[in-house]
Amino acid sequence: MARVLVTGGAGYIGSHTMVELLAAGHEVVCLDNFCNSSPEAVERVQAITGRPVRLFTGDVRDRSLLDALFRAAPVDSVIHYAALKAVGESVARPLAYYENNLAGTLTLLQAMDAAQVRRIVFSSSATVYGAPQRLPIAEDAPLAPFNPYGHSKAMVEQVLRDWCAAAVAAGRPAAAVALRYFNPVGAHPSGRIGEDPAGTPSNLFPFITQVAVGRRAELAVFGNDWPTEDGTGVRDYLHVVDLARGHVRALDWLVAHGGFVAINLGTGRGISVLQMVQAFERATGVRVPYRVVARRPGDIAACWADPALAQRLLGWQATHTLEQMCDSGWRWQQANPDGYRSQAARPGR
Ligand code: NAD
Ligand code: UD1
């Protein structure tokens, strides 16, 4: 049993990971400033699992809060999700992204050093590879991010590599796993927690579910002239519950190993935009009207993972089907048409 601090635990991936951690018997402490999430998510994680989460409301950049947290709620490992994640916004507000994602991680690592906690799982992203030179993408592919968000993830990976090397050289074992996620979608099968984007979703899957539920008229498909099978963009979509379980496996790796490793989490299978629309329609019986528009600036044609290292080091592989991704995402969207705000407005709950 581990005692785990989950930063950004109220967010989309963090909330699903807290469920899997609690289900595996671990104790969970959550730190979140709710800049992109709701405390309701933490309530629901506790309702789903019937187990408590110790919640600290605050910012990962707040060193004195972190010191107090490590004193009040001793943990042996950290899963670090707290970050800003909108690619377009990162181009407009680079300093906010470097401050939150990079400086926030530096503060966290300094506080971890002081508390002698030297195990961390970090949320990296397939975005660190930029436009891939070869598919599927393995971990030794060159890193070539092309926006501040992607740079912030690659920079943190380098910080973690150096932090581990220094600690190990000084005889203080440290271990860090950077998990490079491909495209997480779907929701917990209960439909009680899920992705709750603020404003207009920039990612494909939540846009599809919002069209299906009637919040938006149609999906804009960003180009059908890509060099792919049907001309639309291809990505490696993986179920968020599989992703969450990958973090639990990474925690086990941390306990048994030292040093830094970066690992892809993906299915190894590419799905086009139109294939995703069709899969969603098949799984839910709901039509998703769409219109093809111009390509989105900064997009790439295709991207999918070589997931072999995750299988070899963590014994992890994705098990959920595309149908389960669509079905669970739809269940969450239907039950919560306005995300966590839907429930808050409902009396008597
Ligand atoms: P999310 O926005 O739902 O979750 C992030 C959480 O961190 C939110 O609850 C937010 O309130 C919190 N947070 C942000 N800054 C904070 C700060 N300074 N202090 C305390 N809390 C803070 O995002 P998500 O989709 O769950 O992503 C989690 C992590 O995974 C992020 O690091 C993201 O960059 C990374 N990631 C996400 C995806 C994806 O497609 N969702 C893909 C690759 C990587
Ligand atoms: C985006 C981010 C990436 C991040 C990833 C997971 C950009 C440029 N990249 O990547 O950094 O790691 O999300 O969060 O934002 N599409 C449409 N219509 C839409 C939305 C998307 O056709 O309304 C298409 C896209 O062109 C793409 C595919 O759907 O071909 C998937 O898009 P998206 O969900 O945004 O994921 P990524 O492009 O992989």
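As a basis for the values below, the full set of heavy atoms in this structure was taken, side chains included, without hydrogen atoms, waters or symmetry mates. Start at 1 and go down the list; that is how both ligands and their atoms are numbered.
- In this structure, the protein non-hydrogen atom closest to atom 19 (C) of ligand 2 is Phe222 CE1, 3.2 Å.
- For the ligand labelled ligand 1, residue Cys35 lies inside the 4.0 Å heavy-atom shell.
- Below 3.5 Å of separation, one finds an N or O of Ile13 facing an N or O of ligand 1.
- Distances between N or O atoms of Glu195 and those of ligand 1 include no value under 3.5 Å.
- In terms of N/O distances under 3.5 Å, ligand 1 is approached by Gly11.
- Using a 4.5 Å heavy-atom threshold, the side chains of Val75 and Val4 count as separate.
- Contacts of Ala126 with ligand 1, taken as heavy-atom pairs under 4.0 Å, are absent altogether.
- Within a 6.0 Å radius of CD in Glu218, more than 12 heavy atoms belonging to other residues, nucleotides or ligands are found.
- Within the 4.0 Å heavy-atom criterion, neither part of Ile300 lies near ligand 2.
- If you look at Val273 next to ligand 2, the close heavy atoms, those under 4.0 Å, all belong to the side chain.
- The shortest N or O to N or O distance between Phe205 and ligand 2 is not under 3.5 Å.
- Heavy-atom separations between Asp59 and ligand 1 include at least one value shorter than 4.0 Å.
- Distances shorter than 4.0 angstrom do not occur between any heavy atom of Ser15 and any atom of ligand 1.
- Residue contacts with ligand 2, taken as heavy atom pairs separated by less than 4.0 Å, do not involve Lys85 at all.
- Ring centroids of Tyr129 and Trp304 are separated by 6.0 Å or more, keeping the two rings apart.
- Closest to atom 25 (C) of ligand 2, if we only count protein heavy atoms, is Asp299 OD2, 3.5 Å.
- Checking only distances, Phe182 never comes within under 3.5 Å of ligand 2, N or O to N or O.
- Residues Gln311 and Trp316 are not in side-chain contact: their nearest non-hydrogen atoms beyond the backbone lie 4.5 Å or more apart.
- The 12-atom threshold is not exceeded at CZ of Arg269, counting heavy atoms of other residues, nucleotides or ligands nearer than 6.0 Å.
- Comparing Tyr290, Tyr237, Phe207 by heavy-atom distance to atom 31 (C) of ligand 2, the nearest is Tyr237.
- Remark: ligand 1 and Lys153 share an N or O pair separated by less than 3.5 Å (distance only, no angle test).
- Interatomic distance, Leu106 CG to Met155 CE, rounded to the nearest 0.5 Å: 11.0 Å.
- Counting heavy atoms under 4.0 Å from ligand 2, residue Pro184 does not touch it at all.
- Across Arg172, Arg63, Arg118, a single residue satisfies salt bridge (charged side-chain N to carboxylate O under 4.0 Å, His left out) together with Asp113, and that is Arg118.
- Heavy-atom separations between Gly58 and ligand 1 include at least one value shorter than 4.0 Å.
- Side-chain atoms of Val185 and Asn203, non-hydrogen and from C-beta on, never get closer than 4.5 Å to each other.
- Contact annotation for Ala220 and ligand 2: only backbone heavy atoms (N, CA, C, O) come within less than 4.0 Å of the ligand.
- Using a 4.0 Å cut-off between a side-chain N of Lys or Arg and a carboxylate O of Asp or Glu, Arg341 and Glu40 do not qualify as a salt bridge.
- Put simply, the side chain of Leu69 reaches to within 4.5 Å of the side chain of Leu5, judged on heavy atoms.
- Against a heavy-atom cut-off of under 4.0 Å, Val221 is close to the following atoms of ligand 2: 22 (O).
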Audit row: Tyr340, Trp332, ring pair (Phe, Tyr, Trp, His ring centres under 6.0 Å) steps and yes/no
CA-CA 10 Å; Tyr340 290 109; Trp332 151 256; 5.0 Å; yes
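- Between Arg249 and Asp242 there is no salt bridge, since no side-chain nitrogen of the basic residue lies less than 4.0 Å from a carboxylate oxygen of the acidic one.
- Taking 4.0 Å as the cut-off, His80 does not count as a neighbour of ligand 1 on heavy-atom distance.
- For atom 9 (N) of ligand 2, the closest non-hydrogen atom on the protein side is Val87 CG2, 3.7 Å.
- Here the CG-CG distance, from Asp236 to Asn183, works out to 7.0 Å after rounding to the nearest 0.5 Å.
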Walk me through whether Arg61 and Glu99 qualify under salt bridge (charged side-chain N to carboxylate O under 4.0 Å, His left out).
CA-CA 8 Å; Arg61 292 165 293 177; Glu99 155 130 27; 3.4 Å; yes
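- In this structure, atom 2 (C) of ligand 2 is in close contact with the protein, since a protein heavy atom lies within 4.0 Å of it.
- Taking 4.5 Å as the limit, some side-chain heavy atom of Leu160 sits within range of a side-chain heavy atom of Leu109.
- The protein non-hydrogen atom at the shortest distance from atom 2 (O) of ligand 1 is Asn36 ND2, 2.7 Å.
- The distance between the ring centers of His247 and Tyr81 falls below 6.0 angstrom.
- There is a side-chain donor-acceptor pair under 3.5 Å between Ser328 and His239.
- Any N or O atom pair closer than 3.5 Å counts here, and Asn100 shares at least one such pair with ligand 1.
- Listed by number with element, the atoms of ligand 2 under 4.0 Å from a non-hydrogen atom of Asn183 are 36 (O), 37 (P), 39 (O).
- At a heavy-atom distance under 4.0 Å, only side-chain atoms of Leu219, from C-beta outward, approach ligand 2.
- Summarising the geometry, atom OG1 belonging to Thr57 is positioned 9.0 Å from atom CG belonging to Asn33; distances are rounded to the nearest 0.5 Å.
- Considering backbone and side-chain N/O atoms, Val60 comes within less than 3.5 Å of an N/O atom of ligand 1.
- Polar contact check, Tyr149 against ligand 1: a nitrogen or oxygen pair lies under 3.5 Å apart.
- Every atom of ligand 2 is numbered from 1 in the order shown, and the set under 4.0 Å from a heavy atom of Ser202 is 20 (C), 35 (O).
- Ligand 2 places these atoms under 4.0 Å from at least one heavy atom of Ser125: 12 (O).
- Around the OH atom of Tyr98, the shell of radius 6.0 Å holds more than 12 heavy atoms that belong to other residues, nucleotides or ligands.
- Within the listing of ligand 2, atoms 27 (C), 30 (O), 31 (C), 37 (P), 38 (O), 39 (O) sit less than 4.0 angstrom from a heavy atom of Arg235.
- Scanning Thr228, Leu274, Asn203 for the heavy atom closest to atom 5 (C) of ligand 2 points to Asn203.
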